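Reading through the structure tokens given below for one structure.
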There are 2 protein chains.
Amino acid sequence: MSINIKKILHQHNLKHTKQREAILKVLAKQKAPISVEELYDLLRQQAQTMNLSTLYRSVETFSEHGIIEKIFSSITNTNLIQLQSRHHQHYLVCINCHKMIPIDYCPMDELLGYIESNFHFKVIDHQLEISGYCDTCQP
Amino acid sequence: MSINIKKILHQHNLKHTKQREAILKVLAKQKAPISVEELYDLLRQQAQTMNLSTLYRSVETFSEHGIIEKIFSSITNTNLIQLQSRHHQHYLVCINCHKMIPIDYCPMDELLGYIESNFHFKVIDHQLEISGYCDTCQP
DNA sequence: GTTCCTGCAAAGAGTTTGCACGAAA
DNA sequence: TTTCGTGCAAACTCTTTGCAGGAAC
């Protein structure tokens, strides 16, 4: 999970600062999407100087440049972020413990043709969230 | 699209008030999910006495009783509501004009078996949102 | 008569913005 | 030296809450 942050920022004409370095470093360590609030806490835990406004602004900038991805969790009703992953995936979300389990299956493979031909709709993106009870939280 | 509101409320042990009557009446007329704010405007346009708090509280109550359904639109970043529909459906959302086009296809039919056997995950619900450009908004 | 719903005002969470200073290129 | 990013404080949006009066049952 090592990424060259300096290089990524340079490629996008973004200045390399210790705040941005720290943000991307923490995100690279995550196995699942996290909220801005959680990210903020993680950054402060490691004694990183970080202002919430700065964090929000960085997240916005990274999102616009496709460096990170925003997703919404309807279970917790929160916006989450993650590094733009190399391969597309969706998540199973546990209603009880909120664990997010990535799955490789994507419904769009078969849906795309159906939609574009039946609705003259040009698909750009999609979100799929499956909620339920994970292995350990089942009654 | 005529529903017996008095009966529905009674079935759920909810009191029948003119505010609730108006809310459900307006929702019954919608062809696509709307935000609480839009619903509020529609209600006031018809000179309905309605307080935002009351509206939020009603929406919450109706949602808990399964009378309405909440969905999130990642395009507009807003929470939307609609009457619980008799048949399950998902939407195509236009990035440009925000129009929502219902589709009948649901990926869960084929996904369910795969998920439950591979992840020991008990699926309860799911959300699918497909964004892109509608017929009239395509470049 | 009792229970529940409503309106009002105030508070709360999450997020955005203006501005001046400071760091990166 | 110029441009861009940061911190701070204040504002803003959406939503929730406490309370007292009033409507529904």
Side-chain angles (χ1 to χ4, degrees), chain A residues 4-26 33-44 46-65 67-68 70-81 98, chain B residues 4-26 33-44 46-65 67-68 70-81 98:
Chain A
N4 190 333
I5 294 172
K6 206 162 183 174
K7 189 173 159 193
I8 291 173
L9 292 171
H10 186 73
Q11 283 170 345
H12 288 274
N13 281 314
L14 297 172
K15 285 188 176 166
H16 177 260
T17 67
K18 61 179 187 301
Q19 289 85 348
R20 287 175 171 178
E21 172 86 25
I23 292 169
L24 293 176
K25 215 159 161 183
V26 169
I34 59 173
S35 67
V36 170
E37 206 65 35
E38 286 170 309
L39 177 50
Y40 183 61
D41 289 343
L42 287 173
L43 288 163
R44 308 209 85 176
Q46 53 185 64
Q48 176 58 46
T49 314
M50 180 62 65
N51 183 277
L52 242 193
S53 306
T54 302
L55 181 51
Y56 272 108
R57 271 190 279 233
S58 299
V59 163
E60 199 50 39
T61 304
F62 293 157
S63 172
E64 282 163 5
H65 284 84
I67 298 170
I68 68 171
K70 293 180 185 175
I71 68 174
F72 179 81
S73 165
S74 55
I75 294 305
T76 52
N77 234 279
T78 48
N79 288 302
L80 305 177
I81 53 176
H98 302 165
Chain B
N4 189 333
I5 294 172
K6 204 161 183 172
K7 189 173 158 195
I8 292 173
L9 291 172
H10 186 72
Q11 282 170 345
H12 288 273
N13 281 315
L14 298 173
K15 284 188 176 167
H16 177 261
T17 67
K18 61 179 187 302
Q19 289 86 347
R20 288 175 170 180
E21 172 84 26
I23 292 169
L24 293 176
K25 216 160 163 182
V26 168
I34 59 173
S35 68
V36 170
E37 207 66 34
E38 287 171 307
L39 177 51
Y40 184 61
D41 290 342
L42 288 171
L43 288 163
R44 307 208 86 177
Q46 53 185 64
Q48 176 59 46
T49 314
M50 180 62 65
N51 183 278
L52 243 191
S53 304
T54 302
L55 182 51
Y56 271 108
R57 270 188 278 231
S58 299
V59 162
E60 198 50 38
T61 304
F62 293 158
S63 172
E64 282 164 4
H65 283 84
I67 298 171
I68 69 171
K70 293 180 184 176
I71 67 174
F72 179 81
S73 164
S74 55
I75 294 304
T76 52
N77 234 280
T78 48
N79 288 302
L80 305 176
I81 53 175
H98 301 164

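Numbered from 1 within each chain, the chains take letters A, B, ... in sequence-line order. Computed from a predicted model, the values in this text were never measured in an experiment.
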message = Any residue in residues 8-15 of chain B with a heavy atom nearer than 4.0 angstrom to DNA chain D? Just list them by number, or reply none.
response = B/K15
task = Compare every heavy atom of B/L80 with every heavy atom of B/P33, then report the nearest pair and how far apart it is.
result = CB-CB, 3.7 Å
note = Paired with A/Y40, the side chain to side chain donor-acceptor pair (under 3.5 Å) test is passed by just one of A/E38, A/E37, A/R44, namely A/R44
ask   = For A/S58, which contact category applies under a 4.0 Å heavy-atom criterion: base, sugar-phosphate, or nothing?
value = sugar-phosphate
ask   = First and last nucleotide of DNA chain C in contact with chain B, 5' to 3', at under 4.0 Å to a heavy atom: what are they?
value = C/dT3 to C/dA9
query = What is the minimum heavy-atom distance between A/K15 and A/L9, and which atoms define it?
reply = O-CD1, 4.0 Å
ask   = Which heavy atom in A/I5 sits nearest to a heavy atom in A/K25, and how many Å separate them?
value = CD1-N, 3.6 Å
key: A/N51 side-chain N/O to D/dC8 phosphate OP1/OP2 under 4.0 Å   = yes
message = Using a 4.0 Å heavy-atom cut-off to protein, can you give one letter per nucleotide of nucleotides 11-19 of chain D, 5' to 3': B if the base is in contact, S if only the sugar-phosphate is, - if neither?
response = ---SBBBBB
query = Given the rule in the side-chain contact (heavy atoms from CB on, under 4.5 Å) test, do A/H16 and A/R20 qualify, once you have shown the distances and angles that lead to the verdict?
reply = CA-CA 7 Å; A/H16 177 260; A/R20 287 175 171 178; over 6 Å; no
task = Apply the test side-chain contact (heavy atoms from CB on, under 4.5 Å) to residues A/I68 and A/I23: give CA-CA distance (whole Å), side-chain angles for both, the deciding distance (0.1 Å), then the verdict.
result = CA-CA 11 Å; A/I68 68 171; A/I23 292 169; over 6 Å; no
ask   = Start at the 5' end of DNA chain C and walk down; is the nucleotide closest to A/K18 or to B/L55 reached first?
value = B/L55
message = Under the criterion side-chain contact (heavy atoms from CB on, under 4.5 Å), I'd like the reasoning laid out for B/Q19 against B/L43: C-alpha separation, chi angles, the key distance, then a yes or no.
response = CA-CA 9 Å; B/Q19 289 86 347; B/L43 288 163; over 6 Å; no
inquiry  = Output the rounded distance in Å from CD (B/Q19) to P (D/dG21).
reply    = 19 Å
Pairs satisfying salt bridge (Lys or Arg N to Asp or Glu O under 4.0 Å), at least one member in residues 53-64 of chain A, at least two apart = A/E60-A/K70
query = By side-chain contact (heavy atoms from CB on, under 4.5 Å), which residues pair with B/H12, not counting sequence neighbours?
reply = B/I8, B/L14, B/H65, B/I67
inquiry  = For the helix from C/dG1-D/dC25 to C/dA25-D/dT1, what angle separates the axis at the start from the axis at the finish, each from five pairs, in steps of 10°?
reply    = 40°
Closest contact, heavy atoms only, A/L55 versus A/V36 = CD2-O, 3.6 Å
